[in-house]
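See below for the structure under consideration.
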Amino acid sequence: MDIRNVAIIAHVDHGKTTLVDQILRQCNVFRQDQKVRERVLDSGDLERERGITITSKNFAVTFGDTRINLIDTPGHADFGGEVERVLKMADGVLLLVDAFEGPMPQTRFVLQKAMQLDLKPVVVINKVDRKNARPHEVLDEIFNLFLELEASDEQLDFRGVYAAGREGWAIEELDDERKDLTPLLEMIIKHVPAPVIEDGPLQMLVAAMDHSDYVGRIGVGRIVRGSLEARQPVVLMKRDGREVKTQARRLYVFDNLGRTETDFVGCGDICAVEGLDNVDIGDTLADAEQPEPLPLIAVDDPTLTMSFMPNDSPGYGQEGRYVTSRQVRERLYREVERDVALRVEDTAAADTFKVSGRGILHLSILMENMRREGYEFMVGQPQVIYKTIGDRKAEPVEVLSVDVPEDLAGTVIEYAATRKGDLVSMQQKGGRAHQEFHIPSRGLIGFRSQMLRATGGEIVMHHRFHQYELFKGSIPERTTGSIISMHPGRAVAFALDGLQDRGVFFIEPGDNLYTGQIVGEYTRDEDLVVNAQKAKQLSNMRASGTDRKMRIAPPLNMSLEEALEYLNHDEYVEVTPKSIRLRKSILDETERKKAAKRARLSGSEE
């Protein structure tokens, strides 16, 4: 059977997963009466809750006499590690762009990776049926983007279709009849090259991993040279240079949304291999008699690091099943095997682990998965990773793309300037201002939550890594302090009502607190220790005018990302299966004051 290997790349929310749903339906993957949920490929709980693709997935559809192996990739730059490894399996890319928004920063990021691997693009301008769609202008913007990314002449001669993924049709020209996705599938077969067949000893790069409770790890990759048979003896060439002799016990090729067992896989096809002990992403599966390694998967370095440690709060172990430093460490190192963009290091402190990733979303998804599995731990303030360039300190700088109503554009520019952000371009379309900034990664920590409040939720923002530049100077930390619980015990409505003018609270009456827990945000730039357990003094005397009526404002409930962005250097986020709490690193107030005094003295000596 003829084969095409195609990766689908798009910015977040440009309709990639919805288009895939229609491809699956029109290629008769589902029975006629089968009930299928929307966005069938977003199979993880977090993916469905957030409406984004986090992990890439392989599936295949048959169109005519051709099997099209499709690889669904994440659209967010924080999951760029997923993209970099799976693009190795493709010969072409399906670039999906919104007909109104045009190419966005993360479209550029993923497309740049595809260009570097010399993949043939097919462009889909999606959502042409939406109001304010501007397909011809977007096509020009895509061509200009290809020029900026220094595409080859062959890549510049790309083909494309106009489509409405939700409606399930694609057309080559806007005047064509709108029926189905046949023009798109025909264009893939015609313009994406078939895999190059190379004879010789077996070479297969493991680019993805799966796991089964029965057979253990399953390596997924593309056969670059030669062929592979079931039960064939092979050599697993590890990234550290070791060679492990093993056997490919079972082979599977992708068929619709599942896999079909086979005895033989030819060159250029994507397959899953069972029976490989301790296989990792980036390993080469080679011929047993003539083993030759393939080049390693090149992945951009992490830009953000955080400290993970076991929970030592007073409520330790009450909500989680896995609470020791050994269990947290094992889980983190297990994640490194699946996520090539993640780094985990042991530190001098025995129970603290340094975890580095692409951004706050990248690390918060790991934390969210861990807490749902029953882990309980604490994390410190996110820190950017500095480098030394020419004996001078350098920091990561990102391209920030912001879309706001025109009357709020000044607010964003003013706040970005305080975070050392430079405005590089500004355009106005349809009553909204589209701005681009070059801003240090540390300036983005807390930027989203601050701007959502300042613009009343009207802001739409995306960012991607740009380059390392010389250190841009100090950026002020949070300008507000923390309200801290003085005593352990349940919060009392009477106490919270009396403290409301001091700031915004994260808790509500009845919540169980401990000493040193952060219960709110203080309006001043210093910390305030309060007694949230203070009850009203009861007596047998009462007068009609002296009782105050309590009106307690609802608490500010933070998501995990917002909590991480809120942190100061001396604070932790406590993450458990049921709760996300903020706390001071030193719980006792007297000990905090002593530590602050020691820090001041050591600073003055220096």
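Computed from a prediction, not measured in an experiment: that's the story for all the values here. Note: hydrogens, waters and symmetry copies are ignored here, and every other heavy atom, side chains too, is used.
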(message) What I'd like to find out is whether the side chain of Ile9 reaches to under 4.5 Å of the side chain of Leu111, using heavy atoms alone.
(response) yes
(message) Does Gln467, at its CD atom, have more than 12 non-hydrogen atoms belonging to other residues, nucleotides or ligands within less than 6.0 Å?
(response) yes
(request) Kindly compute the distance separating CG (Leu19) from CG (Leu24), expressed to the nearest 0.5 Å. (result) 9.5 Å
Please tabulate, one pair per line, all N/O donor-acceptor pairs under 3.5 Å involving side-chain atoms of residues 195-206, not counting sequence neighbours.
{"residue": "Gln203", "atom": "NE2", "partner": "Glu292", "partner atom": "O", "Å": "3.0"}

(request) Please tell me if the side chains of Val161 and Met187 come closer than 4.5 Å, counting only heavy atoms from C-beta onward. (result) yes
(request) Report yes or no: does Arg358 contribute a side-chain atom to a donor-acceptor pair with the main-chain N or O of Pro302 at less than 3.5 Å? (result) no
(request) Would you confirm whether Gln155, through its side chain, and Leu119, through its main-chain N or O, come within 3.5 Å as a donor-acceptor pair? (result) yes
(request) Kindly check if the number of other-residue, nucleotide or ligand heavy atoms within 6.0 Å of CD (Glu373) is above 12? (result) yes
(request) Please confirm whether the backbone N or O of Gly317 pairs with a side-chain atom of Glu376, one donor and one acceptor, at under 3.5 Å? (result) yes
(message) I'd like to know whether Leu366 forms a side chain to side chain contact (heavy atoms under 4.5 Å, CB included) with Asp339, so could you lay out the CA-CA distance, the side-chain angles of the two residues, the decisive distance to 0.1 Å, and finally the verdict.
(response) CA-CA 10 Å; Leu366 165 63; Asp339 190 343; over 6 Å; no
(message) Any heavy-atom pair between the side chains of Val273 and Leu251 that's under 4.5 Å?
(response) yes
(message) Under the rule for ring pair (Phe, Tyr, Trp, His ring centres under 6.0 Å), what residues qualify as partners of Tyr322, not counting sequence neighbours?
(response) Tyr375
(message) Applying side chain to side chain contact (heavy atoms under 4.5 Å, CB included) to Leu342 and His362, what does each step give before you reach the verdict?
(response) CA-CA 9 Å; Leu342 197 73; His362 183 201; 4.0 Å; yes
(request) Enter the distance from Leu185:CG to Thr62:OG1 here, rounded to the nearest 0.5 Å. (result) 11.0 Å
(message) Measuring from atom NZ of Lys88 to atom NZ of Lys113, what distance do you get when rounded to the nearest 0.5 angstrom?
(response) 11.0 Å
(message) Tell me whether Gln247 contacts the main-chain N or O of Arg231 through its side chain, where contact means a donor paired with an acceptor under 3.5 Å.
(response) yes
(request) In plain terms, say whether Arg326 and Glu330 are close enough for a salt bridge, that is, a side-chain N and a carboxylate O under 4.0 Å apart. (result) yes
(request) For residues Ile188 and Phe63, determine if any side-chain heavy atom of one lies less than 4.5 Å from a side-chain heavy atom of the other. (result) no
(message) Quick one, Asp269 with Asn69, criterion side chain to side chain donor-acceptor pair (under 3.5 Å). Give me CA distance, side-chain angles, the key distance, then yes/no.
(response) CA-CA 8 Å; Asp269 207 350; Asn69 285 317; 3.1 Å; yes
(message) Checking Arg159 against Asp157 for the salt bridge (Lys or Arg N to Asp or Glu O under 4.0 Å) test, could you report, in this order, the C-alpha distance in whole Å, the side-chain angles of both residues, the deciding distance, and whether it holds?
(response) CA-CA 7 Å; Arg159 295 290 180 271; Asp157 187 27; 3.0 Å; yes
(request) May I ask you to test the Arg343-Asp301 pair for a side-chain heavy-atom distance under 4.5 Å? (result) yes
(message) So, taking the atom named CD in Glu574 and the one named CZ in Arg581, what distance separates them when rounded to the nearest 0.5 Å?
(response) 4.5 Å
(message) I'd like to know if the side chain of Thr347 and the backbone of Ala349 have a donor-acceptor N/O pair within less than 3.5 Å.
(response) yes
(request) Give the intermediate values and the outcome of salt bridge (Lys or Arg N to Asp or Glu O under 4.0 Å) for residues Glu335 and Arg331. (result) CA-CA 6 Å; Glu335 187 68 23; Arg331 177 64 181 83; 2.9 Å; yes
(message) Run Ser313 and Met378 through side chain to side chain contact (heavy atoms under 4.5 Å, CB included) and show every step you take.
(response) CA-CA 9 Å; Ser313 300; Met378 298 188 306; 4.2 Å; yes
(request) For the pair Asp351 (side chain) and Ser325 (backbone), establish whether a donor and an acceptor sit closer than 3.5 Å, ignoring hydrogens and angles. (result) no
(message) So Asp180 and Trp169, do their side chains get closer than 4.5 Å, heavy atoms only?
(response) no
(message) Counting only heavy atoms from other residues, nucleotides and ligands, does the tally under 6.0 Å from NZ of Lys354 exceed 12?
(response) no
(request) State, with a plain yes or no, whether a side-chain heavy atom of Thr303 is found less than 4.5 Å away from one of Ile385. (result) no
(message) Quick one: does any side-chain atom of Glu562 pair with a main-chain N or O of Ser559 as donor and acceptor, under 3.5 Å?
(response) yes
(request) For the residue pair His466 and Glu398, establish whether any side-chain heavy-atom pair is separated by less than 4.5 Å. (result) no
(request) I would like to know whether Leu236 and Leu285 meet side chain to side chain contact (heavy atoms under 4.5 Å, CB included); could you show each step before the answer? (result) CA-CA 5 Å; Leu236 201 59; Leu285 202 64; 3.6 Å; yes
(request) Please answer whether the main-chain N or O of Gly268 pairs with a side-chain N or O of Asn5 as donor and acceptor at a distance below 3.5 Å. (result) yes
(request) Measure the CD1-CD1 distance between Ile23 and Ile8 for me, rounded to the nearest 0.5 Å. (result) 5.5 Å
(request) Please check if the side chain of Glu368 supplies one atom and the backbone of Ser364 the other of a donor-acceptor pair under 3.5 Å. (result) no
(request) Kindly assign one of parallel, tilted or perpendicular to the pair Phe158 and Phe146, based on the angle between their ring planes and the thresholds 30° and 60°. (result) tilted
(request) Starting at CZ of Arg259, measure out to CD of Glu274 and round the result to the nearest 0.5 Å. (result) 8.0 Å
